[in-house]
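A quick write-up on the structure given underneath.
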Amino acid sequence: MDETDFWELIDAAREASEGDPEEQADVLIEQLTRRDPEGVADFARHFDSRFHRAYQWDVWAAATVLLGSAGEPVDDETFDSFRCWLIGQGREVFEAAAHDADSLADLLTGFDPQFDGEGEDLGYAADEAYEQLTATVLPDLGLPEPPEEPTGTPLDLDDDEALADRLPRLWDRVRG
């Protein structure tokens, strides 16, 4: 599976689920179980590499602006779920956010924090599909260890002023 195949699967599942992240994960599992186990492992490698790539201070800041409350950053678990959701939004949104998290102000029309930003199930889709196909756990993917700290310039996620300075367009759109 190459990168184009990966994103086509993500897009097809999102479209079939009409953007519902839980349904998207179910559709993705169904799509992946039509492939061989190595194809599922390839999908998992693509997913995990993007998940690690999104481990950035600015992406965490965006998750906090979108999902947190005043002076309350999102926790590690919520940030992990947000990164899965971000991948589930497709290549254009993911790549833009990974390059410039403030671009989410223009890309996420109609963002609803009650419905959007939660994609934990997407992060387990390959594991579930692999287990259904083989009755075993997905093996080690051979990827480098993720960074211990987010990449980029550190930021105090408790500081609303710092968040507004780092992501001015997103801040103005969501909280301004």
Side-chain angles (χ1 to χ4, degrees), residues 1-56 58-60 62-63 66-67 74-101 103-148 150-151 170:
M1 172 179 300
D2 65 17
E3 185 174 10
T4 300
D5 293 335
F6 169 79
W7 287 117
E8 285 174 356
L9 278 173
I10 292 288
D11 290 341
R14 187 182 65 258
E15 289 168 15
S17 66
E18 298 179 1
D20 180 315
E22 288 180 24
E23 179 68 22
Q24 185 179 5
D26 291 341
V27 171
L28 201 49
I29 292 166
E30 185 180 315
Q31 291 173 334
L32 289 171
T33 56
R34 294 185 197 137
R35 296 175 176 262
D36 63 23
E38 188 53 39
V40 175
D42 286 344
F43 176 89
R45 283 183 198 92
H46 283 286
F47 193 96
D48 283 4
S49 68
R50 279 147 190 84
F51 182 78
H52 298 316
R53 183 171 163 218
Y55 192 52
Q56 303 174 25
D58 286 358
V59 175
W60 202 334
L66 290 164
L67 300 170
V74 298
D75 61 21
D76 294 359
E77 187 175 308
T78 303
F79 180 47
D80 288 350
S81 179
F82 179 81
R83 290 186 288 156
C84 291
W85 176 85
L86 189 61
I87 295 165
Q89 298 311 294
R91 186 181 214 161
E92 178 185 355
V93 172
F94 176 82
E95 292 295 338
H99 179 71
D100 174 16
S103 70
L104 290 174
D106 304 321
L107 296 169
L108 298 181
T109 57
F111 184 88
D112 180 353
Q114 298 298 326
F115 180 72
D116 296 315
E118 188 349 283
E120 179 180 17
D121 292 344
L122 289 170
Y124 295 111
D127 296 282
E128 178 66 30
Y130 193 88
E131 190 169 322
Q132 285 183 28
L133 287 171
T134 66
T136 62
V137 176
L138 187 67
D140 180 75
L141 299 173
L143 295 173
E145 287 296 313
E148 289 186 28
T151 58
L170 188 60

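Any value given below was found using the heavy atoms of this structure, including those in side chains, with hydrogens, waters and symmetry copies removed. Quick caveat, the model's predicted, so the values are computed rather than measured.
Each of Phe111, Phe79, Phe51, Phe94 was evaluated against Trp85; a single residue qualifies, Phe111, per the ring-ring contact (aromatic ring centres under 6.0 Å, His included) test.
Checked against the 6.0 Å centroid criterion, the rings of Trp7 and Phe47 do not qualify as a close aromatic pair.
Counting heavy atoms from C-beta on, the side chains of Leu86 and Leu104 come closer than 4.5 Å. Under the 4.5 Å side-chain criterion, counting only non-hydrogen atoms from C-beta, Leu66 is in contact with Leu108. Looking at heavy atoms from C-beta onward, Val27 lies out of side-chain contact with Arg14 at the 4.5 angstrom threshold. In this structure the side chain of Arg35 reaches within 4.5 angstrom of the side chain of Met1, judged on heavy atoms.
In this structure, Arg83 does not pair ionically with Glu120, as no charged nitrogen and carboxylate oxygen lie closer than 4.0 Å.
The 12-atom threshold is exceeded at CD of Glu3, counting heavy atoms of other residues, nucleotides or ligands nearer than 6.0 Å. Environment of CD in Glu18: sparse, with no more than 12 heavy atoms of neighbouring residues, nucleotides or ligands closer than 6.0 Å. For Gln132, the CD atom is densely surrounded, since the number of other residues' heavy atoms within 6.0 Å is greater than 12.
For the pair Arg45 and Phe43, the NZ or CZ position fails the cation-pi test of under 6.0 Å to the six-membered ring centre and within 45 degrees of the ring normal. Relative to the six-membered ring of Phe6, Arg91 misses at least one condition, a distance below 6.0 Å or an angle of at most 45° to the axis.
Taking OH of Tyr130 as the reference point, atom CG of Asp36 lies at 9.5 Å (rounded to 0.5 Å). Rounded to the nearest 0.5 angstrom, Leu122 CG and Glu22 CD are separated by 9.5 Å.
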How far apart are the C-alpha atoms of Ser81 and Glu118, what are their side-chain angles, what is the distance that settles it, and do they pass the side-chain hydrogen bond (donor to acceptor under 3.5 Å, both in side chains) test?
CA-CA 5 Å; Ser81 179; Glu118 188 349 283; 2.8 Å; yes
Any chance you could lay out the salt bridge (Lys or Arg N to Asp or Glu O under 4.0 Å) test for Glu95 and Arg53, step after step, and finish with the verdict?
CA-CA 10 Å; Glu95 292 295 338; Arg53 183 171 163 218; 2.8 Å; yes
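Side chains of Asp100 and Ser103: a donor-acceptor N/O pair is absent below 3.5 angstrom, by distance only.
His46 places no side-chain N or O within 3.5 Å of a backbone atom of Thr4 that could act as its donor or acceptor partner.
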